[in-house]
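Below you'll find the structure, written out as structure tokens, and then a few comments.
All of these numbers come straight from a predicted model, not from anything done at the bench.
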Amino acid sequence: MKSDTRSIWLNSIDLILKRPIVFLPFGIIALLEYLALEVLYFSTRQPLSFVLVPILRKYFSETSVHYPGNLYILPRVFSYAESFLYIAAGVFLTALAVHLIKSITLKTPVKLKISVRNVLKSYIAFIIYGILVIVLILLLRKADMLILAKSLKFLSGNFPNRARQITPFVVPVFLFCTNVFMQIFLTATVPVMVIQKAPLWKALPRSILLGFRRFPTMFALVFLPLMLYFPVALMKVFALKISQLTSPEIIFGILISGIIAGAVINCFVFANVSQLLLEKKE
Amino acid sequence: MKRNIIIVILFLALLHVVFSFVLPSQEYKAEKIFHKIQKTQKKIRLNPDATPPEMVAGLERDLQRLIKKYPRTETAKIAYLMLAETYLTDKKYSEVVDILTIFLENFTEPTALMSKAHFFKGIALERQNRWGRAKKEFEVLKADYSNTPLGLQIPIYIAQRHLKAGDPLGAKEAFDEAVIFYQEIKEKEMGTAIGYMASIFMVETYLGLEKYTAAGEALEDTIRDYSTDLTFMQTIPYIDMIFLEKLNDTKKAKALYRYILDNAVDDRLKNAVKRKADALQSH
């Protein structure tokens with residue numbers, strides 16, 4: 001099993017480096033996210049301020065339309081934009097990447113237009129899946145906060161100093177790890193839909209079953225690479241503190257690094273899972 | 001493919017840099033400078049006695065630079081006031097008057113900053129022993145900005161200044177004027193925060209005139225007209241001072257405590273008032 005995982009990793013890296021067209025859909029996602037980030041970054045300046053400042057003022061506060069408040073609030077506002085882009089285009093482009101991987105691995109002609117046409121047929125299903133994933137992440141976050149609240153209450157009752165010291169780190173680490181852990185069971189959904197041509201209502205249970213049946217493999221192919229995103233996730237959590245030590249503009253840099261890291265890591269993860277499905281014919 | 005990706009990345013980075021310089025935003029650039037100024041000011045406020053003079057001089061220079069470079073921005077208005085405040089702390093009273101004269105000539109709003117400008121200018125003139133001119137500034141503040149906290153304080157400020165200067169007749173005249181002023185505002189702004197402040201200043205004015213019965217009546221009106229926990233917390237010391245210390249009217253004090261107990265929401269406040277009422281009961 002270990003050599004399976006290792007060979008899948010190596011094959012994925014080889015595939016991405018030799019056939020960079022596989023990275024193109026993730027590059028497009030990154031580009032869309034970057035453009036959204038640019039719009040939000042310049043939202044308090046003309047001409048964008050004309051449209052965006054009233055919205056920001058209504059849903060956030062007056063300080064969010066002035067420097068540096070507009071940068072402090074940027075991670076939160078950008079996360080909403082990311083969720084929207086994920087639902088509208090992210091899942092579809094991921095499916096496109098999986099289709100390209102499938103064509104390359106099965107040594108069939110790689111034609112972008114044909115791949116797009118094939119994947120477009122399930123666009124509505126991808127939107128539904130995207131919404132489902134966002135909802136699950138939000139529910140998981142609520143469940144996490146409930147567990148954390150009870151644990152930290154117990155800890156602060158018995159070890160108050162220790163609780164105060166560890167709380168700022170434990171919370172983001174726990175939230176991140178549980179989210180990534182959930183991906184072990186969800187990540188295979190889109191590859192199953194594309195490779196096995198299964199509808200969403202069949203692909204999702206198959207993905208979850210795959211997560212349980214091949215847990216060590218999926219852990220190595222999905223969880224471990226996604227953990228590479230952890231430093232960026234941590235920087236996002238502590239962005240405000242980092243900006244106070246350096247400059248508020250660093251928040252923009254942190255979010256850019258998140259976009260780039262996300263594109264690269266997601267490409268690798270989906271290449272891994274696609275390879276697994278294609279090799280083992282799950 | 002790789003070359004194309006690098007070209008796209010470089011292009012996007014260039015786009016960002018170009019937009020940062022090109023997109024018109026005087027206000028944003030002013031806010032960036034102001035943010036740096038606020039960080040310096042925060043360091044100065046942490047330890048004002050140990051602040052090196054160069055840091056204060058640097059702060060003044062940055063504020064002057066902001067005002068010069070972005071004079072028509074909202075941030076520049078705040079910078080004018082901050083600079084005036086810095087000069088005031090440094091006892092540079094001529095500079096305060098000069099900078100605020102420019103500010104008052106160039107701007108007519110917002111009301112809060114305008115009232116502050118008149119107030120600081122008046123203070124600076126007063127400290128230069130130019131009371132005549134200072135009083136003119138305060139009169140403008142009183143006449144045109146009576147709906148601001150600073151404008152509202154001016155009558156009582158002028159009266160107390162007369163007292164400090166050893167002019168009891170002048171103080172009495174000023175206090176009498178203050179009573180009329182606050183009565184007018186109290187009626188005009190009934191039910192508002194300004195109306196409440198005018199009511200409290202009315203009590204203070206009667207205390208300055210040593211008219212404790214009138215002060216007590218004004219206090220009772222305030223408590224009944226603005227029956228909130230915040231009002232009760234702020235007026236309890238006045239109840240003690242007026243009714244117990246000055247008028248020796250424990251019956252009235254008890255009645256007001258009972259009123260507060262019946263209308264207060266916060267349990268801690270209620271418990272504190274109950275203890276006071278019980279203490280009066282036992283006397």
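- Ser20(B) has its side chain within reach of Phe42(A): a pair of non-hydrogen atoms, C-beta onward, lies under 4.5 Å apart.
- Between Ser25(B) and Gln46(A), every side-chain heavy-atom pair lies at or beyond the 4.5 Å cut-off.
- Heavy-atom neighbours of Tyr59(A) OH from other residues, nucleotides or ligands within 6.0 Å: at or below the threshold of 12.
- Both the backbone and the side chain of Leu12(B) come within less than 4.5 Å of a heavy atom in chain A.
- By the neighbour-count criterion of 12 heavy atoms within 6.0 Å, atom NZ of Lys274(B) is sparsely surrounded, having that number or fewer from other residues, nucleotides or ligands.
- Note that NZ of Lys36(B) and OG of Ser247(A) are 12.5 Å apart. Values are rounded to the nearest 0.5 Å.
- The neighbour count for Glu184(B) CD, taken as heavy atoms of other residues, nucleotides or ligands under 6.0 Å away, does not exceed 12.
- For Ile256(A), no part lies near chain B; criterion is any non-hydrogen pair under 4.5 Å.
- Note: Glu31(B) CD to Asn70(A) CG = 7.5 Å, rounded to the nearest 0.5 Å.
- In this structure, the portion of Lys39(B) lying under 4.5 Å from any heavy atom of chain A is its side chain and not its backbone.
- With sequence neighbours excluded, the residues that form a salt bridge (charged side-chain N to carboxylate O under 4.0 Å, His left out) with Glu126(B) are Arg161(B).
- Other residues, nucleotides and ligands contribute at most 12 non-hydrogen atoms within 6.0 Å of the CD atom of Glu109(B).
- In this structure, the ring of His16(B) has its center no less than 6.0 angstrom from the ring center of Tyr34(A).
- Annotation: the span from His66(A) atom NE2 to Tyr28(B) atom OH amounts to 12.0 Å, rounded to 0.5 Å.
- Neither the backbone nor the side chain of Leu37(A) comes within contact range of chain B, judged by heavy atoms closer than 4.5 Å.
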